Asks: 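Dropping the structure in here first, questions after.
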Amino acid sequence: MPRTGGRVDMVNDVIFDFCGVLVDWQPRRALEGLFPEKDVAAFFADDDRCGFMYFDDLHDRGTDYSELLPAYEEEYGTQLGRMMRVYAAHIDRTLVGPMPGMPELLADLQHQGVHIWGLTNWGRDTWPVMAGRFPELIGALDGVVVSGRDGDGAAKPDEAFFDLAIERFGVDRASTLFVDDSPYNIDGAQVAGLPAIRFVDAAGVRGRVMEA
């Protein structure tokens with residue numbers, strides 16, 4: 001039976017998503033200025049007619065770009081294949097910086113004795129790019145679980161991926177708050193028994209933790 005996450009009365013631990021919560025991730029930046037704007041818009045379109053989101057999910061679940069890129073080009077052709085290769089080569093351009101107010105929030109939570117963790121859908125082969133860009137941010141966390149590196153095919157919003165994180169971090173579901181910008185991931189966390197809130201800004205998370 002699903003373990004529905006309810007309200008947390010006391011927050012001892014907070015698990016943060018990375019992209020859109022800890023880190024400002026803007027995937028279009030990898031291709032902007034390198035291809036016509038109409039092609040970039042189509043590549044990242046919400047209907048995923050170019051397959052970016054589908055293949056990005058495969059990447060998050062552990063398929064490295066060395067295997068993924070030829071498969072993508074075979075399915076979508078040379079032009080889109082070239083765009084995907086350029087995207088993979090420019091992952092660093094997608095990582096704009098820390099989300100406003102988040103480094104300060106992490107420091108304040110630590111000062112209050114709250115343990116802080118990271119849970120991210122991110123590729124195994126590109127994790128060094130993320131780690132290289134944000135060593136202080138990642139170093140402030142008590143631990144990180146990365147889907148492509150640690151998930152064995154699982155990723156958010158899979159219940160199994162949340163269970164893995166809870167086991168690795170050694171946290172109590174009842175006193176742990178999960179924070180993510182995706183409603184699908186919030187739903188997945190709640191099914192796994194984690195109280196969860198959708199990220200809007202650092203102030204909102206600060207207020208939520210202070211209430212508990």
Side-chain angles (χ1 to χ4, degrees), residues 5 13-30 52-65 68 87-88 90-103 105-106 109-110 114-171 173 176-192 194-202 205:
D13 298 85
V14 182
I15 301 175
F16 291 99
D17 170 42
F18 263 72
C19 294
V21 175
L22 292 178
V23 171
D24 185 1
W25 177 65
Q26 298 183 25
R28 290 174 61 105
R29 287 170 58 99
F52 170 77
M53 289 182 281
Y54 174 73
F55 275 82
D56 188 55
D57 182 63
L58 294 177
H59 186 242
D60 287 344
R61 292 175 182 272
T63 304
D64 290 345
Y65 274 129
L68 197 68
Y87 175 84
H90 291 83
I91 290 291
D92 59 313
R93 294 181 62 179
T94 73
L95 303 172
V96 179
M99 291 291 284
M102 291 307 289
L105 176 59
L106 296 185
L109 290 174
Q110 283 184 317
V114 176
H115 295 288
I116 50 178
W117 314 88
L119 184 64
T120 181
N121 285 0
W122 195 261
R124 170 179 53 195
D125 53 347
T126 55
W127 177 248
V129 178
M130 178 78 81
R133 280 292 305 276
F134 303 106
E136 293 183 2
L137 187 70
I138 294 171
L141 301 172
D142 292 292
V144 180
V145 167
V146 181
S147 61
R149 182 188 68 187
D150 307 313
D152 194 24
K156 293 178 294 182
D158 301 350
E159 183 179 356
F161 191 52
F162 289 105
D163 287 343
L164 171 66
I166 289 164
E167 180 182 354
R168 290 278 184 91
F169 299 154
V171 299
R173 296 174 202 263
T176 300
L177 183 67
F178 175 67
V179 182
D180 199 295
D181 61 319
S182 164
Y184 303 106
N185 294 339
I186 294 299
D187 290 344
Q190 291 176 338
V191 168
L194 278 173
I197 59 170
R198 189 172 180 185
F199 179 84
V200 176
D201 54 29
V205 179

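Computation of the quantities below employed the complete heavy-atom set of this structure, encompassing side-chain atoms and omitting hydrogens, waters and symmetry-equivalent molecules. Small disclaimer: the values here were computed from a predicted structure and weren't measured.
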Asks: Any side-chain heavy atom of Thr120 within less than 4.5 Å of one from Trp127?
Replies: yes
Asks: Please tell me if the side chains of Leu194 and Phe162 come closer than 4.5 Å, counting only heavy atoms from C-beta onward.
Replies: yes
Asks: Asp158 side chain to Ala155 main-chain N or O, any donor-acceptor pair under 3.5 Å?
Replies: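 The answer is yes, because a donor-acceptor pair under 3.5 Å joins these two groups.
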Asks: Is there a side-chain contact between Trp117 and Thr176 in this structure, where contact means two heavy atoms from C-beta onward sitting under 4.5 Å apart?
Replies: no
Asks: Do the non-hydrogen side-chain atoms of Asn121 and Phe161 ever get within less than 4.5 Å of each other?
Replies: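 When only atoms from C-beta onward are counted, Phe161 and Asn121 do touch, with a gap below 4.5 Å.
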Asks: Of the non-hydrogen atoms in Pro103 and Leu137, which two are nearest, and what is the gap between them?
Replies: CG-CD1, 4.4 Å
Asks: Identify, with sequence neighbours excluded, every residue that meets salt bridge (charged side-chain N to carboxylate O under 4.0 Å, His left out) alongside Asp152.
Replies: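 Partners of Asp152 under the salt bridge (charged side-chain N to carboxylate O under 4.0 Å, His left out) test: none.
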Asks: Check whether any side-chain heavy atom of Asp181 sits under 4.5 Å from a side-chain heavy atom of Trp25, and report yes or no.
Replies: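 They are not in side-chain contact.
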Asks: For a quick test of reading the model, state the closest non-hydrogen atom pair linking Met102 to Leu22 and the distance between them.
Replies: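 Looks like CE-CD2, 3.8 Å.
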Asks: Show the nearest heavy-atom pair for residues Ile197 and Ile186, with the distance to one decimal.
Replies: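 Closest approach of Ile197 to Ile186, heavy atoms only: O-CD1, 3.0 Å.
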Asks: Any chance you could measure Asp92, atom CG, to Met130, atom CE, to the nearest 0.5 Å?
Replies: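 Output value for this atom pair is 11.5 Å.
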Asks: Output all residues satisfying side-chain contact (heavy atoms from CB on, under 4.5 Å) with Thr126, sequence neighbours left out; order by chain, then residue number.
Replies: His59, Tyr65, Ile91, Trp122
Asks: CD1/Ile166 to CD/Glu159 distance, rounded to the nearest 0.5 angstrom?
Replies: 9.0 Å
Asks: Taking all non-hydrogen atoms of both residues, which atom of Phe178 and which atom of Ala189 are closest, and how far apart?
Replies: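 Minimum heavy-atom contact is CD2-CB, 3.4 Å.
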Asks: Can you tell me how far CG of Asp17 sits from CG of Leu119, rounded to the nearest 0.5 angstrom?
Replies: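 With rounding to 0.5 Å, CG (Leu119) is 7.5 Å from CG (Asp17).
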Asks: So Val171 and His115, do their side chains get closer than 4.5 Å, heavy atoms only?
Replies: no
Asks: Write down the atom of Lys156, the atom of Arg61, and the distance for their closest heavy-atom approach.
Replies: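 Reported closest heavy-atom pair: O-NH2, 4.2 Å.
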Asks: Start with the C-alpha gap between Leu68 and Phe55, add the side-chain angles, then the distance that decides, and say whether side-chain contact (heavy atoms from CB on, under 4.5 Å) holds.
Replies: CA-CA 7 Å; Leu68 197 68; Phe55 275 82; 3.4 Å; yes
Asks: Looking at every heavy atom in both Phe52 and Pro27, which two are closest together, and how far apart are they?
Replies: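 That closest heavy-atom pairing would be CZ-CB, 4.5 Å.
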Asks: For a salt bridge (Lys or Arg N to Asp or Glu O under 4.0 Å) check, start with the C-alpha distance between Asp163 and Arg173, then their side-chain angles and the critical distance, and finish with the verdict.
Replies: CA-CA 10 Å; Asp163 287 343; Arg173 296 174 202 263; 3.0 Å; yes
Asks: So, does Asp150 use its side chain to make a donor-acceptor pair with the main chain of Val146 at under 3.5 Å?
Replies: yes
Asks: Is any side-chain heavy atom of Met99 closer than 4.5 Å to one of Val21?
Replies: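 They are not in side-chain contact.
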Asks: Between atom CG of Leu141 and atom CG of Leu109, what is the distance when rounded to the nearest 0.5 Å?
Replies: 10.5 Å
Asks: Checking Thr94 against Gln26 for the side-chain contact (heavy atoms from CB on, under 4.5 Å) test, could you report, in this order, the C-alpha distance in whole Å, the side-chain angles of both residues, the deciding distance, and whether it holds?
Replies: CA-CA 5 Å; Thr94 73; Gln26 298 183 25; 5.8 Å; no
Asks: Strictly distance-based, threshold 3.5 Å: is any side-chain N or O of Arg133 a donor or acceptor partner for the main-chain N or O of Leu95?
Replies: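 Checked: pair present.
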Asks: Please check if the distance between the ring centroids of Phe18 and Phe134 is under 6.0 Å.
Replies: no
